[in-house]
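Everything on this sheet refers to the single structure shown next.
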Amino acid sequence: MTESPTSAPTTTRSRSSFIIFLALVVLTALELYTTGLQIERALRITALSGLAITKGALVLLFFMHLRDEPRALKLTVLVPIVMSVALVVVLALDTVARLKAAP
Amino acid sequence: MGTGDKAMTSSSVVADPADSVATAAPGAGKLGMWTFLVTDAMGFGALLLGYAVLRTRAQTWPNPMQRLSIPLAAAMTFTLITSSLTVMLAVAALRKGSRGLASVWLAVTVFLGLLFVAGQGYEYQQLLTGPQHLGLSTDLFASTFYTITGFHGLHVLAGVIYLGALLILTLGAAGKTSAAHVEVAALFWHFVDFAWVAIFTFVYLLPTV
């Protein structure tokens with residue numbers, strides 16, 4: 001037996017890493033393509049944000065292997081993310097309210 | 001594979017907890033790195049949130065695509081994504097016991113990291129000495145741009161030093177690194193990539209008009 005005991009999962013991981021790498025390259029190309037599209041600003045911002053969130057999720061789940069980690073570690077990472085999103089929403093609402101109230 | 005091989009396989013996996021797959025309980029190094037990354041993400045989040053608030057409340061905001069070089073930033077993005085792949089290949093090589101191949105992939109990762117830092121240096125030089133003369137205190141856009149990208153650039157530099165040190169240890173005769181050590185460093189490196197994904201989109205690509 002010449003193969004190391006960990007080579008089977010390692011090979012699978014390497015293969016999935018290549019796929020994720022290609023997906024990230026394609027998504028980046030899509031982002032650049034989206035910036036050149038003659039579409040509504042709100043639609044472009046939504047598309048770019050969606051692409052960025054997808055890219056971030058791919059890095060977090062597959063490159064950083066968060067999907068394979070125990071639940072406790074997942075929660076350690078996800079709770080601050082949820083809290084940050086809540087903070088963003090509150091601040092965004094505050095900004096919109098202040099802009100509307102401004103003379 | 002005979003019975004003896006099976007017995008050897010299972011005992012090898014148990015005997016080498018450092019190389020256990022991620023479904024097992026994370027080691028102290030990994031847990032420590034994740035905790036650090038969560039707090040570090042708060043720093044990046046605060047900077048990006050501050051940028052968003054300032055940009056929204058400003059009377060006018062320059063179009064980043066007219067001030068910044070998008071092809072250069074795209075090339076830097078590609079460099080960082082590729083380096084995330086090469087650091088994973090280094091971990092995979094170490095798991096297979098191939099120290100030589102792991103050294104090659106680590107060296108490539110360090111080189112790509114340095115390439116990113118060089119690209120950022122070139123970008124800053126072009127902005128500072130080009131026709132725009134965009135200094136740190138030129139306007140709000142410049143201040144936020146240099147702060148966010150500078151903070152990220154320091155992370156890349158720290159990652160290069162970290163991986164460079166592991167490369168030296170891997171090349172050393174004693175071979176003092178394991179896949180687990182490099183995996184913890186790779187976590188930091190992927191996080192640098194993760195942060196750049198947000199910066200590239202929200203600072204470089206989001207339109208103003």
Side-chain angles (χ1 to χ4, degrees), chain A residues 1 3-7 9-11 13-14 16-18 20-22 24-25 27-29 31-32 34-35 41 44-45 48-49 51-60 62-70 72-73 76-77 79-81 83-85 87-88 91-92 94-96 98-99 102, chain B residues 1-2 5 8-10 12-13 16 19-26 30-31 34-35 37-39 41-42 45 49 52-53 56-57 65 70-71 74 77-78 81-82 84-85 87-89 91-93 95-97 179 183 186-187 189-191 193-194 197-198 200-202 205-209:
Chain A
M1 195 179 96
E3 255 191 342
S4 133
T6 51
S7 54
T10 302
T11 308
R13 271 192 174 190
S14 297
S16 69
S17 301
F18 271 112
I20 299 304
F21 165 74
L22 287 175
L24 288 171
V25 171
L27 287 169
T28 305
E31 278 187 315
L32 294 171
T34 306
T35 57
R41 180 172 173 257
R44 201 185 308 173
I45 289 174
L48 285 170
S49 302
L51 287 167
I53 289 167
T54 309
K55 281 170 70 182
L58 287 178
V59 173
L60 206 60
F62 293 94
F63 275 180
M64 298 172 87
H65 304 297
L66 189 61
R67 70 188 180 127
D68 301 325
E69 297 294 355
L73 187 58
T76 307
V77 177
V79 167
I81 289 178
M83 286 172 71
S84 300
V85 171
L87 189 66
V88 168
L91 262 171
D94 176 62
T95 302
V96 170
R98 281 173 191 270
L99 284 173
Chain B
M1 185 188 272
D5 285 340
M8 191 185 78
T9 301
S10 51
S12 298
V13 171
D16 190 7
D19 284 343
S20 60
V21 287
T23 42
K30 199 192 250 189
L31 197 60
W34 268 112
T35 309
L37 293 181
V38 167
T39 57
M42 295 289 182
L49 200 59
V53 170
T56 313
R57 289 187 179 172
M65 298 190 75
I70 303 303
T77 305
F78 182 72
I81 292 172
T82 310
S84 263
L85 177 69
V87 80
M88 287 195 80
L89 293 174
V91 174
R95 280 189 189 285
K96 285 182 180 174
E183 199 172 354
L187 267 180
W189 194 250
H190 294 314
F191 172 75
D193 190 9
F194 176 77
V197 164
F200 179 61
T201 303
F202 296 113
L205 297 182
L206 277 196
T208 46
V209 285

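Source: prediction; values computed, not measured. Heavy atoms only: backbone and side chains are in, while hydrogens, waters and symmetry mates are out. Chain A is the first sequence line, chain B the second, and so forth, proteins listed ahead of strands; every chain is numbered from 1.
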Where [X] and [Y] come nearest, the two heavy atoms and their spacing:
X: A:Ala52; Y: B:Thr201; answer: CB-OG1, 3.3 Å
X: B:Ile81; Y: A:Phe63; answer: O-CE1, 4.4 Å
X: A:Gly56; Y: B:Val197; answer: N-CG1, 3.9 Å

Segment of [X] engaging chain A (4.5 angstrom heavy-atom cut-off):
X: B:Thr77; result: side chain
X: B:Leu49; result: side chain
X: B:Thr82; result: both

Is there a side-chain contact between [X] and [Y] in this structure, where contact means two heavy atoms from C-beta onward sitting under 4.5 Å apart?
X: A:His65; Y: B:Met88; value: yes
X: A:Ile45; Y: B:Leu206; value: yes
X: B:Trp34; Y: A:Met64; value: yes

For A:Leu32, check side-chain contact (heavy atoms from CB on, under 4.5 Å) against everything at least two apart and list the hits.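 side-chain contact (heavy atoms from CB on, under 4.5 Å) check on A:Leu32 returns B:Ile70, B:Ala74, B:Phe200, B:Leu205.
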Which one wins on heavy-atom pair count under 4.5 Å against chain B: A:Val77, A:Leu87, A:Leu27? A:Val77
Pairs of heavy atoms under 4.5 Å with chain B: top-ranked of A:Leu58, A:Leu66, A:Ile20, A:Leu51: A:Leu66
Measuring from A:Thr76:OG1 to B:Leu31:CG, what's the distance to the nearest 0.5 Å? 7.0 Å
First locate atom CG of B:Leu37, then atom CG of A:Leu60, and finally report the distance between them rounded to the nearest 0.5 Å. 9.5 Å
So which of B:Ser84, B:Ala52, B:Ala198 has the largest heavy-atom pair count under 4.5 angstrom toward chain A?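 The residue among B:Ser84, B:Ala52, B:Ala198 with the greatest pair count is B:Ser84.
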Looking at residues at least two apart in the chain, or sitting in another chain, which of them share a salt bridge (charged side-chain N to carboxylate O under 4.0 Å, His left out) with B:Arg57?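 For B:Arg57 the salt bridge (charged side-chain N to carboxylate O under 4.0 Å, His left out) partners, ignoring immediate neighbours, are A:Asp94.
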Look at atom CE of B:Met42 and say whether more than 12 heavy atoms of other residues, nucleotides or ligands are closer to it than 6.0 Å.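 Enclosed: over 12 neighbouring heavy atoms sit under 6.0 Å from CE of B:Met42.
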